[in-house]
Amino acid sequence: MLAVRDVIAAYGPIVALHGISLEVQEGSIVTVLGANGAGKSSTLRAISGLLRPKEGAIEFEGRRIDRMSAEEIVALGISHVPEGRQLFSELTVLENLRLGAYSRFARAHGDGRRVHREDLSPLGRLRHDLFHAATGGIRDAAREIGQYRRRRRDFEAALNQVFEHFPILAERRKQMSGTLSGGEQQMLAIARGLMANPRLLLLDEPSMGLAPMVTQEIFRIIETINRTQGMTILLVEQNASLALDIAHRGYVLETGRIVLADTSENLQKDEAVRRSYLGY
Ligand SMILES: Nc1ncnc2c1ncn2[C@@H]1O[C@H](COP(=O)(O)OP(=O)(O)O)[C@@H](O)[C@H]1O
Ligand SMILES: [Mg+2]
């Protein structure tokens, strides 16, 4: 589904990725392990269009994406849950989830203007529709209302699905996201990524800053999302032990280079991996 080939990427003079290659098979969980500064986030940023590769190629479902904008890449179905969550802390849980669904509609309808209407107040929408009815004809307005209803149903269905995975978010839907616990914020960040209905979910260190019990719960949910929905997931992590427990395959990244690639089972048995990343 995803192939990264010999990608070199840098921040000005600082080369973060020295020619990395990796593959993600549809339906699998693939993990990229590495210490702080190894280039894990940069790898995800290169895939999602936030860091432009200097050399190499990235293919998603047979298409070159390494020259596309981040918006185009999201629209193709790649959702990036960034390191440190990056939620809108002044917005509620529900509002954050609604923002996550934005690209879903952009993709479904290929029309930013209609998506924009969703963000209007009820009065604003009425005004918009009346204006549209007057200028574009009543048929257009009727079609818009139909689309709006479909989008509404689509949104509700997506919401119900993420609430099934994260019931606590349903309880806290009206709460400002800045007042959630760290674990709940991470859940919300993942849920927001899922609202875009991605084909590939990129997760950047979901365990960061969380207590072991909370991390375990989140990893169990990530595994469930993969198993029950067939969601393809690329997970970068410093917590090698937990990541290898749920991933099918793994890569080990050291200072911008892939030094090992194997099944999780083999990596768990590997002497060097045990010593450097598993601590036994
Ligand atoms: N915005 C940036 N500007 C300059 N250097 C950066 C920036 N982000 C990351 N780097 C450097 O790129 C390398 C890889 O970083 P990163 O991909 O964040 O690693 P990881 O996610 O594995 O901790 C590091 O040497 C880091 O200092
Ligand atoms: Mg990082």
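Both ligands and their constituent atoms are indexed starting at 1 by order of listing.
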Salt bridge Arg152-Asp154, side-chain N to carboxylate O under 4.0 Å: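 Here Arg152 does not pair with Asp154 in a salt bridge, since their nearest N and O are not under 4.0 Å apart.
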
Arg63/Glu59 ion pair, N-O < 4.0 Å: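 Looking at Glu59 together with Arg63, the answer is no, because their closest N to O distance does not fall below 4.0 Å.
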
Considering only the protein, which heavy-atom contact is closest to [atom], and what is its distance?
atom: atom 4 (C) of ligand 1; result: Tyr11 CB, 3.4 Å
atom: atom 23 (O) of ligand 1; result: Gly37 N, 2.7 Å
atom: atom 17 (O) of ligand 1; result: Ser42 OG, 2.5 Å
atom: atom 18 (O) of ligand 1; result: Ser41 CB, 3.8 Å
atom: atom 19 (O) of ligand 1; result: Gly39 N, 3.1 Å

Under 3.5 Å: N/O of Glu205 near N/O of ligand 1: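 Such a contact does not occur with ligand 1.
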
Ligand 1 N/O within reach of Ala16 N/O, cut-off under 3.5 Å: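 Among all N and O atoms of Ala16, none is under 3.5 Å from an N or O of ligand 1.
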
Any Ala35 heavy atom less than 4.0 Å to ligand 1: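 Ala35 counts as a contact of ligand 1 under the 4.0 Å cut-off.
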
Heavy atom of Gly34, distance to ligand 1 below 4.0 Å: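 Contact check Gly34 vs ligand 1: negative.
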
Residue pair Ser28, Gln25: steps toward the side-chain hydrogen bond (donor to acceptor under 3.5 Å, both in side chains) verdict: CA-CA 6 Å; Ser28 67; Gln25 302 295 326; over 6 Å; no

Taking only distance into account, with no hydrogens and no angle test, what donor-acceptor pairs under 3.5 Å do side-chain atoms of residues 75-83 form with protein atoms, sequence neighbours excluded?
{"from": "Ser79", "atom 1": "OG", "to": "Gly193", "atom 2": "O", "distance (Å)": "2.8"}
{"from": "His80", "atom 1": "ND1", "to": "Ser48", "atom 2": "OG", "distance (Å)": "2.8"}
{"from": "Glu83", "atom 1": "OE1", "to": "Ser41", "atom 2": "OG", "distance (Å)": "2.7"}

Atom of Glu83 nearest the Mg ion (ligand 2) (restricted to N/O/S, atom name only):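 This turns out to be OE1.
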
Under 2.8 Å: N/O/S of Asn36 next to the Mg ion (ligand 2):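 No, since none of the N, O or S atoms of Asn36 sits under 2.8 Å from the Mg ion (ligand 2).
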
Pair Arg85-Gln185, side-chain donor/acceptor within less than 3.5 Å: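 Absent: no donor and acceptor within the cut-off.
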
Distance-only polar pair, side chains of Glu205 and Asn239, donor-acceptor under 3.5 Å: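 Per modelled atom types, Glu205 and Asn239 side chains form no pair under 3.5 Å.
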
Member of Arg173, Glu171, Arg172 meeting the side chain to side chain contact (heavy atoms under 4.5 Å, CB included) criterion with Gln175: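 Of all the options given, the one that passes is Arg172.
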
Ligand 1 atoms in contact with Ile14 (distance to a heavy atom under 4.0 Å):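 Counting atoms of ligand 1 from 1, those under 4.0 Å from Ile14 are 4 (C), 5 (N).
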
Numbering as shown, the atoms of ligand 1 that approach Asn36 to under 4.0 Å (heavy-atom distance):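 Heavy-atom distances to Asn36 below 4.0 Å select 23 (O).
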
Pair Tyr277-Ser241, side-chain hydrogen bond (donor to acceptor under 3.5 Å, both in side chains): steps then yes or no: CA-CA 8 Å; Tyr277 298 97; Ser241 163; over 6 Å; no

